[in-house]
Structure formats: C-alpha cells, structure tokens
Amino acid sequence: MRSTAKSELFRELPSVDELLRAPGVATLAAAEGISPVTDAARAVLARLRHEISSGFLDRPALEIALNGIESAIADDLRRALGHSLRSVINATGVILHTNLGRAPLAETAIKHIRGTAGRYSNLEFEVEAGVRGKRDVHVERLFQKVLGPETRNSARVSTIVVNNNAAAVLLALNTLADSGEVIVSRGELVEIGGSFRIPDVMTKSGAILREVGTTNRTRVGDYEEAINERTRLLLRVHRSNFEVTGFTEQASTAELVELARKRGLPLMEDLGSGALVDLESFGVAGEPSVHDSLRAGVDVVTYSGDKLLGGPQAGMISGGADLVVRMRTNSLFRALRVDKLTYAALEATLLAYVKRNHDAIPVLKMMRLTRDEIGRRADAVAAQVRDDGNFHPTHKEPGKDGAHGTLEIAVIDGESVIGGGAAPSAVLPTRMLAVTCKGLSADELAARLRGSDSPVIARVEEGRVLLDLRTVFAEQDKEVAAALERVAGGAER
Ligand SMILES: *Cc1c(COP(=O)(O)O)cnc(C)c1O
C-alpha cells in the first residue's frame, strides 16, 4: 500500500522536458545555456525522487516542493556555475593559516599579476636583444638585493624558484645527494602540514637518510662520526611547528659550518618559513632569517614563498651560485618550475622588501598590529552590533526569547599566533571578541558565521566563539559586525 502511494507521487513529477518549457526555467536556459540548466533540472528531480523513495515526502510536502521547483533549479545552477574557491574572512588570529591559503598577497602583487597575466609578457624573452631569456631573471636581481650579493665564503648568492618548499627540498636533495648519504639529526626528522615528511622526501629524492643523535640531543660530534665516503650533504631542518625543551642539545650552525668546511661537504638548511627581515622588530623572537643562515656560512637554504615571506606559494633555493646552477640544470627543475603568475606576485613582493615598505605585505603588517589597535577595532565592532540591535525594534522585542539582545559580546585579552609552521612559540598579544548567543551552542554560532555570504571563520574555545581581528582586514570589520547581527537575528526563529 505504501509503495502504491509512492508510485502515485512519482507520477506527479514533471519530466525534464516539461521543466525546461516552464517560463522561469526557459529564461534561465536562455541566459546560462541549455546544458547546465538541464543538468540542474535533472539534479533537482533526482533529489525529489530520492526523497519520495526514502519516504521523506508525502503529498502535501511534494506539492510545496513542486511549487518551489523553479527556484530550486536556479539555486542548483548558481552553485554549479559559481566559484568553489572564494574568499573568506579569517577571524582565527592565525596569520599563516594553511587551510585558509596562508599569506594573502600584497596589493602591488595583485596589480602586477593583473598587469602581466592577461597579456603576453617577457617571461622568457629578452626584449632588447630579441632573444630567448630565462624566467628566473625577473626575481634573481631582487633576491640578490634583499639577501646581499655574496655568501660568507664570497660565493655569489643565487636563487631559483620552484612550486613550493617541498619541491625545493626535493630538488636540492636530488641534485646534491642522489644515491649518496645525507646526515640529519634525529631531532629534526619532522613532518610538516600533514604530508611533508623529511624521511619520505629524502627517499623520493634518491638520497639515503643517515640519522644521527637522539630526539632531544645531537652534538656536532655525532655528525662527524657519521661522515664516510658516501656522505654528500649535511642537512639541518628547522623545527617549524614544534619545540624540544628540557634536556636538549643541538649542534650550532657555526659548528656545522665548520665541520662541513673541514670535510669538504655542503651544508643545507631547510628553513621552512624563510623570513626576509629580522622579525625581532616585529615582536617575533627566535625565527631565523634567510640572511642569518647565508651569513653564517650555510651553503644552500630552502624556504617557502607563502609563509613569513608573505608572497605566493613557491619554494626558494638560495645559496652559492656554483651549487644553485646545478639545480637549475637538473631536469627535475623543469617539472617543478613556477608560472608567470607566481613570478609576477613574487617580484612585486620582493620589491616591497627592497623599498623597505614592509607594511605593504599583509602578513608583516598583521604581525605589527598592536594589541591596542586591534582592541579599538574590536570595541567598535562590538559597539556597532549592540547599537544596531537597539536601533531595530524588531530585533529587540522585550521578553521574547531568542531576540537580538541575547547575543553577548565581550572584548577580552588573547593571543594571536603566526601559524604555517613558523615560530610555534611566538605569541602576539591581542584583543578578541568573545561571543555567545542564547539558544545556540558555540559550535552552532561558529557554523552560522561560516554560513554568511562572506564566510567568517572563527575559533571556538570554552563554549565561546572568539574572533581575533588581527587577521581580518580593517575594511572587513563591518562585514564581521553584519555577520554577527545576522546570526543573532537568525536565532530568533
Ligand atoms: C612549511 C615547511 C615545508 C614545506 O613547505 P611548503 O612550501 O608548504 O611546501 C618544508 N620544510 C619546513 C621546515 C617547513 O616549515
């Protein structure tokens, strides 16, 4: 008997052709093309069929669904033809949030991409001579300006760019140590960002990992004892996302440089973040810069473009020109090279360093924001939400549970972090909006904020939603306020 009822309901469903003839759907098809609209109509019908067969729809519910079928098709079409990758508002206070795209680009970088990517460019062309050129030249001169012209042993500093730092490490190891041994401290066999593991990259590069020391203590003598005729490289890896504290010891860079010189081996350092400025003045201690490493005598340094450098996703290999030229001629380099968009973004970002215009680089600017500046913005957002709540009488019906007044906002002290596997222990004092809403759990409130047109991504801690405006662009503050007002409004129902 139930199945008869269902088959009757199925008969109520229009065919795809009938749907396409409906005036609203025909208009959509004229605007967006028949093929995506047909797909959307099929998808909506399939959903209805599924709901009927699972018993979710009775006759009255089906009537309602059929009345709204044109707008359901329009919604489906909007989702199918809209962008999947879109901007969000990062209110987590994590400056280099890998899930949120790490470093936002400088305006000048975006402008340079716009100015070159939509047209032909001299990517690999020497305009004056009219001959083929090299794509690296566009950033090489700037890296030399930023890093200084030569290393400690007066080799010229050269830099090449690949897809990301993982690729940089792979290329460097393959070039310098294929089939040979690479000595690494057991305290530095790190995993970064889920899938980058030093031992795995080492295997893929063809190099053989030679572990020395222990997790907490490795002395320079441990490296020295492990050197043999198969040794090609000494490798130091920056412990980007964790710290070893307590009974610890690590060979100093100076000791490793001396050992490498003495034994005629190159020393490589995977810095990870690769700051191009001294971050002490930005309130971040203990994060070594690329200059520090090169000046100390490290032969090859690898680092990311979209971490503390504040540019596009890329991986840099900087070091003595004699070694870097071998990487450039490795056929792997061709497979790992970057495109014109990356060069454009990187060139503009490096120019900001050359001009010492650090505030043009969003991640550096965010790092420098003071607790007081952020506090003033947080107070203003809180005040705006409270004022608007009082202003709209519909939002404030006295005594009505779930009305606007149930949004509780406090501005409290907190800490922002760098993230992205950089300076794990560096914390930047901040002020945060701590928000709760009667009738909603903190997780539900956070989910509603993510459901805004510009999704607002916040932290949830101890039953509250925390929003740190350090990572919110100042012009987005009003969108944060609007999102808070909307979630409170939505809670009325
Ligand atoms: C982040 C990091 C990597 C990976 O860099 P990607 O640019 O994400 O590929 C490798 N090594 C270290 C030490 C890192 O911190």
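Note that ligands are numbered from 1 as they come in the structure, with each ligand's atoms numbered from 1 the same way. Note that this is a predicted model, so its numbers are computed, not measured. FYI, the numbering just counts along the sequence from 1.
Glu224 has a carboxylate O that lies under 4.0 Å from a charged side-chain N of Lys262, or vice versa, which qualifies the two as a salt bridge. A salt bridge links Arg431 with Asp413: the closest approach of a Lys/Arg side-chain nitrogen to an acidic carboxylate oxygen falls below 4.0 angstrom. Salt-bridge check for Arg337 with Glu124: passed, with a basic side-chain N closer than 4.0 Å to an acidic carboxylate O.
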Can you list, pair by pair, the side-chain donor-acceptor contacts under 3.5 Å of residues 309-325, counting residues two or more places apart and other chains?
from	atom 1	to	atom 2	distance (Å)
Gln313	NE2	Asn163	O	3.2
Gln313	NE2	Asn163	OD1	3.4
Ser318	OG	Thr159	OG1	2.9
Ser318	OG	Tyr303	OH	2.7

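Listed by atom number, the atoms of ligand 1 under 4.0 Å from His238 heavy atoms are 13 (C). Near Arg102, meaning under 4.0 Å from one of its heavy atoms, ligand 1 places the atoms 6 (P), 7 (O), 8 (O). The distance from ligand 1 to the heavy atoms of Ala166 drops below 4.0 Å at these ligand atoms: 5 (O), 6 (P), 9 (O). Proximity to Ser304 (heavy-atom distance under 4.0 Å) selects the following atoms of ligand 1: 5 (O), 6 (P), 7 (O).
In terms of N/O distances under 3.5 Å, ligand 1 is approached by Lys307.
A heavy-atom distance below 4.5 Å is not found between the side chains of Val161 and Asp136.
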